[in-house]
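Remarks on the structure that follows.
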Amino acid sequence: MTGLELVYLIGALSAVALFLFGVRRAAARNQLRDGGASERRRLREAAREREEAEEADAEKAEADQAAGSDAGDEEADEEEDEREAEPEPGESRDVELSDGLARTRGGFVARLGRLLSKKKIDGEILGELEEVLLTADIGPRAAQKLFGTIQAALSRDELEDPEAVWTRLREESGRILSVNAAPIDWQRARPFVLLVLGVNGVGKTTTIGKLAAKLTRSGKKVLLAAGDTFRAAATEQLEIWGQRAGAPVVKGKQGGDPSSVIFDAIKRAQAEGHDIVIADTAGRLHTKVDLMEELRKVGRVIQKAQNGAPHETWLVLDSTTGQNAIQQAKMFKEVMEVTGIVLTKLDGTAKGGVILGICDELAVPVRFIGIGESVDALREFDPDAFVTALYEHDPTANAA
Ligand SMILES: Nc1nc2c(ncn2[C@@H]2O[C@H](COP(=O)(O)OP(=O)(O)O)[C@@H](O)[C@H]2O)c(=O)[nH]1
Ligand SMILES: [Mg+2]
């Protein structure tokens with residue numbers, strides 16, 4: 001190696017070393033900058049995990065309590081089995097709202113309760129209360145409203161009195177949930193056309209089946225339109241529900257035009273004197289743009305079949321998807337005029353508080369809630385009953 005080559009080699013090596021040093025410095029700087037945020041994130045996650053574990057314990061305790069104070073484990077197990085046994089779709093089962101909301105109540109509501117039942121509510125507890133609300137899937141705006149209530153209580157020196165704070169949280173939740181909407185007048189038109197929208201799997205067909213059963217029971221003549229032509233199984237599923245409810249189903253070919261199925265259904269309802277047409281739709285097409293285009297077309301064709309229709313357009317949202325449900329609603333609202341929301345699967349999630357965010361942010365009334373798979377597990381949404389069931393357990397009762 002010549003002297004010159006040696007000089008080049010040393011030069012190249014020091015360039016590489018300098019470069020590596022620079023990269024490490026930059027990484028360290030980034031780490032320093034993100035450190036705060038990621039540490040906060042980590043702490044938040046740890047807190048959430050801890051709370052979820054507590055929540056599971058609380059849920060178990062609640063189930064045990066429900067099984068009776070002197071019930072042995074066996075009895076509790078039996079009850080567990082019973083709850084897990086899947087009901088036949090359409091099977092009649094008495095479903096209590098309070099049971100349907102057990103998971104949500106055991107989630108953020110129980111966490112709030114535990115914090116509020118602490119002897120002294122200091123800055124740290126206040127921070128934890130805010131954290132619970134912000135991570136409760138109720139949406140940032142509704143969370144801020146509820147936290148504002150707690151802060152207001154603080155300024156009134158009420159924080160020594162958890163019962164008073166609990167009452168105020170109930171009241172504020174009730175205010176958020178009470179979207180003033182006139183009840184549905186099913187006789188406003190004949191046939192009354194209800195169009196049902198929502199992404200795949202949220203519970204559209206199930207909801208339509210349950211609703212058809214309710215309406216036929218109250219003496220209405222209901223016709224169902226199998227507008228989800230995307231999957232063959234969707235039509236079969238609607239037919240099963242239709243048979244149970246005593247409501248005929250108008251169907252098309254798989255892959256056929258949903259608009260024409262719904263058009264035919266409305267024409268048949270006009271000819272045969274049905275009171276209500278409920279139209280199912282697909283929640284998935286090849287792309288989101290396809291889906292939205294198709295729904296627009298469905299809207300236009302319905303209008304052609306009957307002036308003034310659809311009389312109601314309901315969006316079905318799955319509460320287990322939490323905040324995502326609100327995003328879905330915003331997407332559909334851009335395309336269609338949504339006049340009502342059905343929130344399903346409240347029985348299967350601790351994220352039921354999302355209903356607060358929905359009422360607060362969407363300005364569309366929640367009409368029905370789904371609290372199970374059976375035919376009776378569709379409830380007309382009643383804000384007062386909902387709040388009562390949600391805040392059923394007063395934390396001050398456990399505080400002593
Ligand atoms: N636990 C529970 N399951 C539900 C509820 N509503 C619907 N489901 C279930 O959700 C799944 C999807 O429902 P489906 O009606 O087919 O959804 P679609 O694709 O929107 O028509 C089915 O297994 C239903 O039984 C509810 O309120 N609670
Ligand atoms: Mg369906």
Side-chain angles (χ1 to χ4, degrees), residues 82-104 194-214 224-242 244-245 247 249-252 254-256 258 261-262 265 278-285 291 294-295 298 313-322 324-325 328-329 331-332 338 340-352 354-355 358 366-381 386 389:
E82 205 172 288
R83 208 177 318 142
E84 271 166 16
E86 274 208 3
E88 278 283 296
E91 181 191 329
S92 184
R93 252 193 184 204
D94 203 21
V95 188
E96 292 293 332
L97 179 61
S98 162
D99 295 339
L101 295 183
R103 281 169 191 255
T104 299
L194 166 63
L195 177 64
V196 179
L197 314 174
V199 305
N200 204 32
V202 291
K204 290 180 296 298
T205 306
T206 310
T207 297
I208 291 170
K210 293 169 180 174
L211 183 64
K214 251 185 217 308
L224 304 178
D228 182 356
T229 56
F230 194 69
R231 297 174 306 136
T235 299
E236 285 161 26
Q237 188 192 358
L238 191 68
E239 281 185 305
I240 294 172
W241 277 106
R244 291 209 175 94
V249 177
V250 174
K251 53 185 175 176
Q254 190 193 345
V261 176
I262 299 172
I278 310 179
D280 199 358
T281 57
R284 188 186 56 195
L285 276 187
L291 177 61
E294 177 162 291
L295 292 179
V298 164
T313 303
W314 289 358
L315 178 65
V316 180
L317 297 172
D318 175 346
S319 57
T320 66
T321 62
N324 203 330
Q328 281 170 24
M331 180 178 91
F332 277 90
V338 175
I341 303 271
V342 178
L343 188 65
T344 60
K345 309 188 198 178
L346 278 164
D347 54 308
T349 182
K351 298 178 179 173
V354 67
I355 198 168
I358 287 172
V366 174
R367 289 302 187 177
F368 281 91
I369 54 174
I371 49 173
E373 293 182 282
S374 67
V375 68
D376 293 322
L378 184 73
R379 291 300 176 85
E380 220 165 302
F381 177 58
F386 194 93

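This one's a predicted model, so the numbers in the text were calculated from it and none came from an experiment. Order of appearance sets the numbers: ligands from 1, and atoms from 1 within every ligand.
- For the Mg ion (ligand 2), the set of nearby N, O or S atoms under 2.8 Å includes one belonging to T205.
- In this structure, the side chain of S319 engages the main chain of T344 through a donor-acceptor pair within 3.5 Å.
- The proximity of D347 to ligand 1, defined as any non-hydrogen pair under 4.0 Å, is limited to the side chain.
- Near N200, meaning under 4.0 Å from one of its heavy atoms, ligand 1 places the atoms 19 (O).
- Of the polar atoms of A377, none of the N or O atoms is found under 3.5 Å from an N or O of ligand 1, judged by distance alone.
- Interface of G370 with ligand 1, defined as ligand atoms under 4.0 Å from a residue heavy atom, comprises 27 (O).
- The nearest protein atom to atom 17 (O) of ligand 1, hydrogens excluded, is given as G203 N, 3.0 Å; this is a heavy-atom distance.
- Between the side chain of T235 and the backbone N or O of A226, no donor-acceptor pair lies under 3.5 Å.
- For atom 26 (C) of ligand 1, the closest non-hydrogen atom on the protein side is G372 O, 3.1 Å.
- Assignment of G283 to the shell around ligand 1 is not supported, since no heavy atom sits closer than 4.0 Å.
- The protein heavy-atom contact nearest to atom 15 (O) of ligand 1 is T206 OG1, 2.5 Å.
- A distance-only check finds no donor-acceptor pair linking the side chain of T320 to the backbone of T349 [under 3.5 Å].
- Only the side chain of K210 comes within 4.0 Å of ligand 1, judged by heavy-atom distances.
- Of the listed residues (R231, K204, R284), the one carrying the non-hydrogen atom nearest atom 18 (P) of ligand 1 is K204.
- Atom 16 (O) of ligand 1 has its closest protein heavy atom at Q237 NE2, 3.0 Å.
- Nearest to atom 25 (O) of ligand 1 among the protein's heavy atoms is E373 OE2, 2.5 Å.
- Within the 4.0 Å heavy-atom cutoff, V316 does not count among the residues contacting ligand 1.
- With K204 contributing its side chain and D228 its backbone, the two residues share no donor-acceptor pair below 3.5 Å.
- Using a 4.5 Å heavy-atom threshold, the side chains of T207 and V196 count as separate.
- Among all non-hydrogen protein atoms, the one lying nearest atom 11 (C) of ligand 1 is K345 NZ, 4.1 Å.
- Annotation: atom 19 (O) of ligand 1 to nearest protein heavy atom, G201 N, 2.8 Å.
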